[in-house]
Amino acid sequence: MKGGAFFENIRMSLRSIAANAVRSFLTALGVMIGTGAVIAMLALGAGAQKSVEASLQSLGSNLLLVYSGQPRGGSLVRRSTTNIVPTLSAEDLEAVRNLGPHLVELAAPESSSGGQAKFAAVNMPVTIVGTGIRYPEIRNVHPILGSFFTEQEADSRKTSVVIGHQVYQELFGGAGDPVGQKIRLNGLGYRVAGVMEPKGSSVTDSSVFIPISTFQRYVSGNPKYALINVRAASAGIMRQAQGAIEKEILRLHRLPNLDAADFYVANQLDLLDTLQGVAGTFTLLLGGIAAISLLVGGIGIMNIMLVSVTERTREIGVRMALGAKSGDIIAQFMTEAIILSVAGGLIGIALGFGASWAFSRFGGLASQVTPLSVALSFGFSVLIGLFFGGYPAYIASRMDPIQALRYE
Amino acid sequence: MIGVTNLSRHYRMGPTTVKALDSVTFGIQSGEFVSIVGPSGSGKTTLMNILGCLDSPTGGSYILAGEETASLTSDKRAEIRGRRIGFVFQNFNLLPRENSLENVELPMIYQGIPSRVRKERARDMLRKVGLEGRERHVPSELSGGQRQRVAIARALAGDPAIILADEPTGALDTRTGGEIMELFHSLNRDGTTLILVTHDPLIARRARRVIQIQDGKILADVPSGEWTP
Ligand SMILES: Nc1ncnc2c1ncn2[C@@H]1O[C@H](COP(=O)(O)OP(=O)(O)O)[C@@H](O)[C@H]1O
Ligand SMILES: [Mg+2]
């Protein structure tokens, strides 16, 4: 193809596209929808991945949870500790703390139980959580009013309580400062020390937090913990910290190995891996379906280009008679196919951005267009133009000029 | 300019062979104006197609401007068509969406002539065929005679050694056909080599030389003054 013919091809292709505007639009529509779908679906996938990470971070960073009992499938980070038979002792907690600051930054025990909270005439069911003073830092949930109970309160079995945000809503109407007020938990009076920030999780929001010593004395009567919350020193040593904790508690419990253990450690990393794996599969699935629609769009282009080649048989014959080589004819029809698919791709990218925006704006879904998906789907639409335009162009270039000139 | 020796074009149709051209021999000099005449089915278009390098002979030799063309690749034949041949068709064969200027530019595009030169030359050719001011008209806005003039301008645009016209007045009324013949004469006076195919003896006689063919063979090859159909 000669240099001048390049712009000629573009000009002629645009003219031919404009001459059949509706048909061209419908042809490109397949690629538009396909490209848009790929971008929107990958955006949903990326959004899902992001929100998984974000919600895990909101649970607290570098989190290790030492549970009583045998591991259960999934090992969800926030399993209710209400129905667990506690097997973890103060000795275990001490041993975990003593692993040293290079492994364990913070640790807090936790046990819980169902109960009733009452203020004035209002009653509500709550989860009563007994824990230590480090709980807010480890679990990344902080008081918005008042403060968490102090070390002295925790040690002296003081009847102080920090209430979850929903409890605050229901007992106090969500207004005013309840700090210093007395509420009743299972009939016993507690002084409200603080109100937790809303977490969006019903477990945390409908819990009330009391010192573990108070819990053991007045609620459970059991000296053991259902759970030990641990914040590892850094993300990099989480598996190492997990191993050290397991080894230490096995030793204290005089157990030979983890198969026989009456406790297990849930690692935030494992959960992240699992959830990201799920999000990844989800992305792949959606992207795959969208890619198929892009492929179908490409077949649409091929279909219309074949029709166009047949319709323009005479024109092809004329061009050949005037000196067009097979390469010139190929270039002309390929240019047209590529313009259609690229235009479709560009509009599709805009559609994808729009759809992604609509997902998060109206659908409440996390959605984020990634540059990779834009590059990927655009490149794909160009390739589709090349591939599906190639065959019709080849057909055109192989026409016998005499037959083509005779075509009615 | 053109040397044709024992040229044959046979079509195999199952068990039989159609000899559309059967061992034809003639020569044409630069600057000649030759008409090829014969009844329908006598092989005129077949001969045109071979002379125009749209088709290859099945036998014999065809030398165009010193070059043997009988067994060339399709790309090489396309190049020769672009550089040495100008076609004029009975049904004009203009591209309907392109205006006169763009239609005339076409053969120059495939020769790689730059756009500015192309446009200038296309304008010159349109002026030469008497279509000044019609550059922006698309074929549907032109009369049959004007369309054929555009086609002739297009045939001239690539600066060909030879112009091949297959029944160029066949789709025109007698008066317009006469005007087109006038145009051919004036082009020939300016030095263009012309081969005109027709079944009409009156048109054929207006060339300087007549080659009469029948059943793929040459019946007569004489100056038009001495020709009796
Ligand atoms: N593609 C073809 N296949 C078979 N026979 C053909 C073909 N083209 C032309 N012919 C035959 O060759 C002969 C000459 O045809 P043509 O050159 O078109 O005649 P003319 O132009 O003088 O009317 C006719 O008998 C025609 O049927
Ligand atoms: Mg004919």
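Chain letters run A, B, ... following the sequence lines, proteins first and then strands; every chain starts at 1.
For B:Arg154, the part lying under 4.5 angstrom from a heavy atom of chain A is the side chain only. Residue B:Leu54 touches chain A through both its backbone and its side chain, counting heavy-atom pairs closer than 4.5 Å. For chain B, the nearby part of A:Arg312 is the side chain; its heavy atoms alone come within less than 4.5 Å. Looking at B:Asp55, both its backbone and its side chain come within 4.5 Å of chain A, counting heavy atoms on both sides. Using a 4.5 Å cut-off between heavy atoms, B:Glu102 contacts chain A through its side chain alone, with no backbone atom that close.
Side-chain contact of A:Ser397 with A:Ser326: a donor-acceptor pair under 3.5 Å is absent, judged by distance alone. Looking at B:Tyr110 and A:Arg319, their side chains do bring a donor and an acceptor atom within 3.5 Å of each other. Using modelled atom types, one finds no donor on one side chain facing an acceptor on the other under 3.5 Å when comparing A:Ser356 with A:Gln368.
Highest contact tally toward chain B, considering only A:Ala19, A:Ser16, A:Ala324, A:Gly317, is held by A:Ala324 [criterion: heavy-atom pairs under 4.5 Å].
A cation-pi contact links B:Arg9 to B:Tyr11, judged by a cut-off of 6.0 Å to the six-membered ring centre and 45° from its axis.
The number of heavy atoms from other shown groups lying within 6.0 Å of NZ (B:Lys119) is above 12.
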